[in-house]
Protein chains: 2
Amino acid sequence: MTPGRKTPSKSKAAAAPSLADVARLANVSISTASRIVNGELGRASAETVARVRRAIEEVRYHPNHIGRSLRRRESRIVAMLIANLDNPAMAAIMASTEAALRADGYVMFLCDTHDRADLQDEYLYAMRSQGVEGYVMVTSVPSPGLKEFVEDGVPMVFVSRRNPCGPGAFVGIDNVAAGADAADHFWFQGITELAVLYPEPNSSATQERVSGFCRRLETRGVPPERIIHAAAPGLFHMQVGYDAAQGLAARTRWPRGILCVSDQIAYGAYRFTQECKIPVPAACALVSIDGSPLNAWLAPWLTSVFVPYGDFGRQIVELLISIWGDDAPSDRILPHRIESSGGPGIPSRVQEPDGA
Amino acid sequence: MTPGRKTPSKSKAAAAPSLADVARLANVSISTASRIVNGELGRASAETVARVRRAIEEVRYHPNHIGRSLRRRESRIVAMLIANLDNPAMAAIMASTEAALRADGYVMFLCDTHDRADLQDEYLYAMRSQGVEGYVMVTSVPSPGLKEFVEDGVPMVFVSRRNPCGPGAFVGIDNVAAGADAADHFWFQGITELAVLYPEPNSSATQERVSGFCRRLETRGVPPERIIHAAAPGLFHMQVGYDAAQGLAARTRWPRGILCVSDQIAYGAYRFTQECKIPVPAACALVSIDGSPLNAWLAPWLTSVFVPYGDFGRQIVELLISIWGDDAPSDRILPHRIESSGGPGIPSRVQEPDGA
DNA sequence: CTGAAAGCGCTTACAG
DNA sequence: CTGAAAGCGCTTACAG
């Protein structure tokens, strides 16, 4: 399957120099060399330090983390398990987490679970074998392995979607409030013929968004049965949005406003409205949750709840560190805000009259 | 900086069982246990094998790859260094590479270099310390570390953009041909007032696309000086496209057709055309290179050269394996094709008359 | 100020 | 069929 793996080293590549090579060249013990490599300078004469440093330069020594990890029993590696790389929101979470980890001297394994329980478990076990010290679970799914890790108290942070197998540290927005804000956005514009579009099966995030939306509308006097629910299965949210919109059209009169639980679902629904010649937002206002930067460029017709994915990374890493420190982990709920993309010539703020 | 790292293990988490634990429980030597863990069953009695397996189950043993890596001097880890995670094309390359690696039993470190030479080097050294066996360089930049790695014969594959520091195995499309196809697309529609938009500084890919475009037009009889070049600096291609389009408008008459070297540049240029009330594609046809799936949903006005990023991963991994096997690495050039996104009601194929 | 020694978890000739 | 031993590269008490 992997022919030629027998000779993994290019003939050119000499074996990497080890601490022993440095020590030999500098005429010191490996212990001393190790201390100097690790910046413990107080315990060696200036002359020795200089000699060792020269040797390090000369052989171009770089520490081998595998040896260090084995001995110290720590790897400084974190794994991110993520459901769907080609969703821009996921990419933003990935990028910010990667940057925050690097700033703290960690490196990141990336695992694409495709929202599949079997793959998720395969990765969890593979990562454990690699000595990973913490797990960032972005939109995880229930699985036996996850349950086992959670029960074993393995350090984990759940992002966007809560732990589907029990309690767990969480980073995300207040999804109930986000749904409620979307509801108010419609309400203040006098739009009360409403629908909501979401993927199936439901994650905690979806459920919270939808229920926050419906409960707020109920508070405003819009009875829940007036709000049409349309769901469609699938991982590819644009298709989900298209399919759900189509299902909606088949069942009922077209609404004046639609909440889509993600930007991509809104993109899919939009395409359907265009095929049906429904003017957006004039005849039907579309609101979604994500706030992708893309919206300003390609979707000026969309109003979206901005989720600060770029700030997630810092929070995720802080939370992980507090878990390692055996602190009681407290969820990190980040602020969201609703905003129009403001395309060419479109005023960009939502005006919120005070009071109902 | 990382408070509490002194106690990295949750009190709950018992030390992971080692091969020694298995051996003790099964009453065999560590050697024997190791062989059985590694599937070398021919050398132990069936009874011993069963006993060891029971012990493995009982202590819930999982092999520690750090120990294995140290001893075998191989890690089965590959690193991907990539310039810009929030570009959908990059995400597609990432996803397909990750999947191909997993299929072959490798895991992947992800490093976001932000197109910065210093970060690229920081990562290269960090990855080497982690014992990484191969490097996937997506849109790399020139840097001293890269030069050093290339000279040392470290296994590397360059993706999309060629090695900026000398020769190197490459996976991508034929960028010259892609540019030429875009030229023909305009030519066959009778559009010869043309401009080309690209980011600065120029990568090999950009240069090849632009020169393929211009050379083909020259062949067709359109003199090079008739083609307006507009570039803008930056990493964020949508802004680059907008800025370049703005610069174009400031300098000259608006063209009838524009080649944008990436989809995102086209999105940016599109926004500018909308602000200027220029009908697209009626008054100005936009062609780009990438072929993002998003186009069909949000950019029906765009014609794009489809690049099979989803197939890159397999090719990358095969190429890496051939390099490990000391085979002479041959570049992998994948097929592209030009296509309209085909939005609602728009016919989706480009008709290509035969002959000029 | 410095070094010898043990050991992290594993694999692998080698001997029996 | 099985095991004792060496060693991958490193760190860390401990002794001097």
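Keep in mind that the numbers below use all heavy atoms, side chains included, and drop hydrogens, waters and symmetry copies. By convention in this document, chain letters (A, B, ...) are assigned in the order of the sequence lines, proteins followed by strands, and residues within each chain are numbered from 1.
A straight line from CZ of B:Arg76 to P of C:dC10 spans 18 Å, rounded to a whole angstrom. Spacing between atom CG of A:Leu19 and atom P of C:dG3 amounts to 12 Å, rounded to whole angstrom units. Distance, B:Arg73 CZ to D:dC8 P: 7 Å, rounded to whole Å. Residue B:Asn64 contributes atom CG, which lies 8 Å from atom C1' of C:dC10 at whole-angstrom precision. For the pair A:Glu74 CD and D:dG9 C1', the interatomic distance rounds to 15 Å; values are reported in whole Å. With rounding to whole Å, B:Arg128 atom CZ is found 15 Å from D:dG9 atom P. Straight-line distance from the CG atom of A:Leu70 to the C1' atom of D:dC8: 9 Å, rounded to whole Å.
Both distances falling under 3.5 Å, in either a Watson-Crick or a G-U wobble arrangement, occur for no nucleotide opposite C:dA13. When Watson-Crick and G-U wobble pairs are counted only if both distances are under 3.5 Å, D:dA4 pairs with no nucleotide at all.
Relative ring orientation between B:Tyr125 and B:Phe149 is described as perpendicular, the plane-to-plane angle rising above 60° on a 0-90° scale split at 30° and 60°.
In this structure the side chain of A:Asp115 never reaches within 4.5 angstrom of the side chain of A:Asn84, judged on heavy atoms. Between B:Glu148 and B:Val154 the shortest side-chain heavy-atom distance does not fall below 4.5 Å. In this structure, the side chains of A:Met156 and A:Val150 come closer than 4.5 Å at one or more pairs of heavy atoms. The shortest side-chain heavy-atom distance between A:Leu19 and A:Tyr61 falls under the 4.5 Å cut-off. Using a 4.5 Å cut-off on side-chain heavy atoms (C-beta onward), B:Thr48 and B:Arg35 make no contact.
Interface residues of residues 24-34 of chain A facing DNA chain D, ordered by number: A:Ile30, A:Ser31, A:Ser34; criterion, heavy-atom separation under 4.0 Å. Looking at residues 35-58 of chain A, you'll see A:Arg35, A:Asn38, A:Arg43 sit with a heavy atom under 4.0 Å from some atom of DNA chain D.
Considering only side-chain N and O atoms, B:Arg68 lies under 4.0 angstrom from the phosphate OP1 or OP2 of C:dT11. Between D:dG7 and B:Arg71, no contact under 4.0 Å exists linking OP1 or OP2 to a side-chain N or O.
Judged by closest nucleotide on DNA chain D, A:Ile66 is the one of A:Ile66 and A:Arg72 placed further toward the 5' end.
Considering every non-hydrogen atom in both B:Val52 and B:Ala33, the closest pair reads CG1-CA, 4.3 Å.
Between A:Arg314 and A:Asp104 a salt bridge is recorded (basic side-chain N to carboxylate O distance below 4.0 Å). Taking a cutoff of 4.0 Å between a charged side-chain nitrogen and a carboxylate oxygen, A:Arg51 and A:Glu47 qualify as a salt bridge.
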